2 protein chains.
Amino acid sequence: MEPTATVLDLNQLRRSCSTCALHELCLPAGIGVDDLNRLDATVKDKRMLDRGAVLYRDGDKFDALYVVRSGSLKTFVQNEAGDMQILAFHLPGEIIGFDALASNQHVSQAEALERSSICELPYVQLQQVTSDVPALHRQLMRVISREVVEEHRHLMMMGRQQAQEQLATFLRSLSDRYQRLQRDGNALNLSMSRYDIANYLGLVVETVSRLFSRMEEMGVLEVNRKSVRILRPDLLASLCRTDAASKQKSSG
Amino acid sequence: MEPTATVLDLNQLRRSCSTCALHELCLPAGIGVDDLNRLDATVKDKRMLDRGAVLYRDGDKFDALYVVRSGSLKTFVQNEAGDMQILAFHLPGEIIGFDALASNQHVSQAEALERSSICELPYVQLQQVTSDVPALHRQLMRVISREVVEEHRHLMMMGRQQAQEQLATFLRSLSDRYQRLQRDGNALNLSMSRYDIANYLGLVVETVSRLFSRMEEMGVLEVNRKSVRILRPDLLASLCRTDAASKQKSSG
DNA sequence: GATGCCAGTTGATCTCCGTCAACTGGTCGC
DNA sequence: GCGACCAGTTGACGGAGATCAACTGGCATC
């Protein structure tokens, strides 16, 4: 994919699931050492994606799953009219491409938000390994299930929360994921644009912009373009639900 | 679960995946006859659920997947504040419970919308079969993937469509699923309440009620409580997107 | 058959957020 | 170092849908 510029990267970051820093987050979590080597063998050499580069697009034939190794991506669907809905932002350790299992072709698009590196897991070979290694099979199911659960959260956020609650929830979840990657959970470096955030939440960009400003005024955040510092995690948490109360849209 | 009243049902509808009317919709789609018998053996006797009965609830230990055999269910999540978000309505042939694979316990609740019968697939036994029958394994993955894709549609609907478009889309998708079950796709018998529909779409019940009335005035539907007749499928289709145009929330 | 209850409908009003428009600042190309 | 361009911000305004309230009809209980 990439010319000479990245040869160095490819050689330096020699692929190996067992020594990968994302070991515990990625597919091999909970797999024995010998089985890990088998998995290792199926992983193709990593690919580099520049910002804006498309990993797969709607309609593409399914032939691999992908692990985000560094950087970040967004996945989204588009309807006939061309309306886009962002489904998720993907950080290192996350596996994408499961949407294509159903029909053997992708029904969404994955696009890099910044320069990112990707592990490719060709599916025919992965199937070989999973049929020999039941633990890996279970693990794979667990990973898809995690995606299902994550989408449940997304639906809850869109359906039942107000704009400010949504953004607060979004930032908190991002913060959590940063921490799981051993990064500072209170110093977010947003790789996605305001447009992307707005789209993900079902809002428009002006609303998101106003909310960032408001949260800054409230002393919850310190916002500087893509860099967002969470000054008061406690306040941010409290913003995730307005007044606990009894709006009709709510409870049951 | 059920006392004497249902013994007859259980005997009549003798379980057998190979002779089941839902064969083509359910898990065994595309599985050979001999493998089918093995799958058959893992299916526990069916359970009957009365309207409002809970199949599993948030926090329940995971021990089985469930196939809807007749009737219908809703699945939903609840947050700490008790706000509910309906994730899906499930018709015969559909498999539910995948959310629990990730953490070995359910993080959602499944509840019957009407008197329904359920096939239970105990997971430990299912794993036995899938490890012996790779085709079944692939099939299972395909089914979860279908759920992921379905949730993408739900997100797109919630995030990018207006209320009327949402309801039209909802009714059309229900119509499609009725047809796949060999029912009349233009004579819907809604097992869910207006509250459920509203919640599923991220709206309030008054809005849904008004939309039904409006669509009846337009001559698209004939509404009589739970019974909805689609008089003009073509018009209904056109309502799924307003004017194709260029709202900011849209395209990209 | 009267009573109560809940699902659903309809109307009046309010509000959050989308729309439109103007502006700012950062970045890239020349 | 200038201008073009795009991401992002801010303000003014309007509208889709939420909220509040009153009402209806179907159904179960006595």
Side-chain angles (χ1 to χ4, degrees), chain A residues 50-52 74 83 85-86 113-114 157-168 170 189-217 221-228 239 241-243 245-252, chain B residues 50-52 74 83 113-114 157-168 170 189-217 221-228 239 241-243 245-252:
Chain A
D50 280 322
R51 176 180 148 80
K74 64 178 172 187
D83 301 337
Q85 174 62 52
I86 294 183
L113 291 166
E114 59 193 311
M157 186 162 71
M158 273 213 187
R160 308 257 78 78
Q161 291 191 295
Q162 302 203 5
Q164 181 172 283
E165 300 166 5
Q166 286 187 74
L167 185 59
F170 170 69
N189 252 303
L190 306 179
S191 58
M192 69 294 288
S193 71
R194 298 285 193 269
Y195 285 85
D196 286 339
I197 296 174
N199 184 287
Y200 175 76
L201 298 175
L203 304 169
V204 295
V205 67
E206 293 95 327
T207 302
V208 169
S209 184
R210 272 184 254 271
L211 288 172
F212 270 119
S213 303
R214 194 199 298 177
M215 288 187 185
E216 197 166 20
E217 277 168 30
L221 304 177
E222 187 178 276
V223 183
N224 204 314
R225 291 186 67 70
K226 300 274 187 187
S227 138
V228 172
L239 290 182
R241 175 118 298 266
T242 28
D243 42 82
S246 47
K247 303 152 41 206
Q248 192 203 73
K249 270 187 79 170
S250 310
S251 62
Chain B
D50 280 321
R51 176 180 148 80
K74 65 178 171 187
D83 301 337
L113 291 167
E114 58 191 315
M157 187 162 72
M158 273 212 187
R160 307 257 80 76
Q161 291 191 295
Q162 302 202 5
Q164 181 172 284
E165 300 166 6
Q166 285 187 73
L167 185 59
F170 170 70
N189 251 304
L190 306 179
S191 58
M192 68 293 288
S193 71
R194 298 285 193 269
Y195 285 85
D196 286 340
I197 297 174
N199 184 287
Y200 175 76
L201 298 175
L203 304 170
V204 295
V205 68
E206 293 95 328
T207 303
V208 169
S209 183
R210 273 184 254 272
L211 288 171
F212 270 119
S213 303
R214 195 199 296 176
M215 287 189 185
E216 197 166 20
E217 276 168 31
L221 305 178
E222 188 179 275
V223 183
N224 203 315
R225 291 186 68 71
K226 302 273 187 188
S227 138
V228 173
L239 290 181
R241 175 116 300 265
T242 28
D243 43 82
S246 47
K247 305 153 39 207
Q248 192 203 72
K249 270 188 80 169
S250 311
S251 62

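The model shown is predicted, which means the values in this text are computed figures rather than measured ones. Each chain gets a letter, A, B and so on, in the order the sequences are listed, and its residues count up from 1.
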Sub-4.5 Å side-chain heavy-atom contact between A:Ile86 and A:Met192: no
Integer-rounded Å distance: D:dA16 C1' and B:Glu165 CD: 12 Å
Separation of D:dG17 C1' from B:Met158 CE (nearest whole Å): 15 Å
Atom-pair distance (CG on B:Leu203; C1' on D:dT19), nearest Å: 14 Å
Heavy-atom side-chain proximity of A:Arg241 to B:Asp83 below 4.5 angstrom: yes
Per-nucleotide protein contact string for nucleotides 6-11 of chain D, where B marks a base within reach and S marks sugar-phosphate only (heavy atoms under 4.0 Å, - for neither): --SBBB
Angle between terminal axes - the helix from C:dG1-D:dC30 to C:dC30-D:dG1, 5 pairs each end, rounded to 10°: 50°
Rounded distance (Å) that lies between atom P of C:dA7 and atom CG of B:Leu113: 14 Å
B:Gln164 CD to D:dG17 P, straight-line distance once rounded to whole Å: 9 Å
Side chain to side chain, B:Val208 and B:Phe170, heavy atoms closer than 4.5 Å: no
Heavy-atom side-chain proximity of A:Met158 to A:Gln85 below 4.5 angstrom: yes
A:Lys226 side chain near A:Ser193 side chain, heavy-atom distance below 4.5 Å: yes
Side chain A:Arg194, main chain A:Arg225, donor-acceptor under 3.5 Å: yes
Length of the line joining B:Leu167:CG and D:dA16:P, which is rounded to integer Å: 17 Å
Close side-chain approach of A:Tyr195 to A:Asn199, heavy-atom, < 4.5 Å: no
A:Leu167 vs A:Ile197 side-chain heavy atoms within contact, under 4.5 Å: yes
